[in-house]
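Reminder, nothing fancy here: chain letters follow the sequence lines and each chain counts from 1.
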2 protein chains.
Amino acid sequence: MAERASRTVSVASIRSPVGRDGILDVAARLFREQGYGPVSLRKIAEAAGIKAGSIYYHFGSKDEIVVAILDLGIRAVHEKMRQAVLRHADGAAAAAILRAAIRAHLRALLDVSDYSSANVRIFGQVPQSVRDANLPTRRAYEAEWDNLLTRLQRDGALRRNVDIRRLRLMLIGALNATLEWFDPERGSVEALASTYADVFLNGILEQREV
Amino acid sequence: MAERASRTVSVASIRSPVGRDGILDVAARLFREQGYGPVSLRKIAEAAGIKAGSIYYHFGSKDEIVVAILDLGIRAVHEKMRQAVLRHADGAAAAAILRAAIRAHLRALLDVSDYSSANVRIFGQVPQSVRDANLPTRRAYEAEWDNLLTRLQRDGALRRNVDIRRLRLMLIGALNATLEWFDPERGSVEALASTYADVFLNGILEQREV
DNA sequence: GAAATAACCTAACAAGTGTTAGTTATGCAG
DNA sequence: CTGCATAACTAACACTTGTTAGGTTATTTC
């Protein structure tokens, strides 16, 4: 490919550099597909079309790459979820708001972002120091959920016998678990999100009496 | 330690062999604690009090160890769950049966078995071939859940608008996710199981009208 | 056109990996 | 006492890993 570089400046460079972002994109995809362990710097480099040593021009260590990906991953879900909730007025039905938040989280994981799915996939496999570096960003997203749930519970829409922190851990844990088995050929993300909302909001028991 | 071996036979061997089971026990614990990647054969050997090469007297490869652990892990949960369900008569309330099954699964993971927790922890990190070897055992446990859920749905106890396979994936996924965050110092497994049952059976919305 | 900079390559390093072959110590059966 | 099985040890192998230092090339700036 790319026989000779351009002689004139006007022609956009033929061999455009991969660069920091290109490396991150490729690494995020590999991490999502294969997990943390099997993805070496040489694999990342090869997939990006460069050599392993070259990565150190953009990053100081492998951990630095992973930390960057983990952070971008959470920021992506966080933003999607925040905006989905914001689209509802303050007085909107609790069920509708929760549905939107669940849907946004699942879409970010399963549709939109390699970074988000990579985060969920490899967070438990990564060295402690890397996890620690990611904690503040993570806590911010958790706080967003806690705020939402607390508000809805205060408004009387949520049962009062469940601890908010525990409820959030249950919810996000359940949603993240879909990454292990969801197959787009067996159903849409939309339908999945709808089912999750149904189950979490109303349960699976047939209601006979109240 | 153990300066000299016994001269008389009567004294039970001072340096009792670690053996196949000892290696498996140690490996399961390490896998649960650290995940798959960071646990090398040398780490397992050291924790077991032997040398790395000695492991090959009992196992043909590292994969063989992991496969054994994964299998034992599922068999343990399966057995606990099956017996918990069996303790209920056929006509027992659906809610009670489901509660028992959820409780059994969570206890196996969080209380009882290093093998079960190791399974959940490392299954997603392990080579494809190892995962494949574990599939039959896994399918058997999944079938147990599918049978239970199908029966309850046929009896009219479960909502009819949820696919059984999907419901099972949601449930087990949610329960397994607890492994990442459950802290026995913040609450008992019993209470956790009870909350999970509450949420899954009846949802989190405050019921106003039917 | 010279100088500077950005982006990459090459080649090697020390450490750690799973695995193998050969050896050694112990306990029991004949 | 001999012979054998069990359960370990020792020492090496080929390979992969993250990382580093130094060199090369293309583009931009002056």
If you check the [X] side chain, which of [options] turns out closest?
X: Ile50(A); options: dC8(C), dG18(C), dA8(D); value: dC8(C)
X: His58(B); options: dA8(D), dC9(C), dA12(C); value: dA8(D)
X: Lys62(A); options: dT20(C), dT19(D), dC9(C); value: dT19(D)

Report the distance from atom [atom1] of [X] to atom [atom2] of [N], rounded to the nearest whole Å.
X: Ile65(B); N: dT17(C); atom1: CD1; atom2: C1'; result: 14 Å
X: Leu41(A); N: dC9(C); atom1: CG; atom2: P; result: 14 Å
X: Glu46(A); N: dT10(C); atom1: CD; atom2: C1'; result: 17 Å
X: Ile44(A); N: dT17(D); atom1: CD1; atom2: P; result: 11 Å
X: Lys51(B); N: dT17(C); atom1: NZ; atom2: P; result: 15 Å
X: Phe59(B); N: dG18(C); atom1: CZ; atom2: P; result: 14 Å
X: Lys43(A); N: dT19(D); atom1: NZ; atom2: C1'; result: 19 Å

Quiz item: Rounded to the nearest 0.5 Å, how far apart are CZ of Phe123(B) and CD1 of Ile69(B)?
Solution: 14.5 Å

Quiz prompt | side-chain contact (heavy atoms from CB on, under 4.5 Å) partners for Val85(B), two or more places apart | solution = Met81(B), Ile97(B), Ala101(B), Leu148(B)

Quiz item: Do Arg32(B) and Asn119(B) have side-chain atoms, one donor and one acceptor, less than 3.5 Å apart?
Solution: no

Quiz item: Is the closest side-chain donor-acceptor distance between Asp71(B) and Asn134(B) under 3.5 Å?
Solution: yes

Quiz item: What orientation do His105(B) and Trp145(B) show, parallel under 30°, tilted 30 to 60°, or perpendicular over 60°?
Solution: perpendicular

Tell me whether the OP1 or OP2 atom of [N] has a side-chain N or O from [X] closer than 4.0 Å.
X: Ser40(B); N: dT17(C); answer: yes
X: Ser54(B); N: dA7(D); answer: no
X: Tyr56(B); N: dT19(C); answer: yes

Quiz item: With nearest nucleotides of DNA chain C determined for Tyr57(A) and Gly49(A) from heavy-atom distances, which residue corresponds to the more 5′ nucleotide?
Solution: Tyr57(A)

Practice problem: Decide yes or no, distance alone: a donor-acceptor N/O pair under 3.5 angstrom between the base of dG16(C) and the side-chain of Arg42(B). | Solution: no

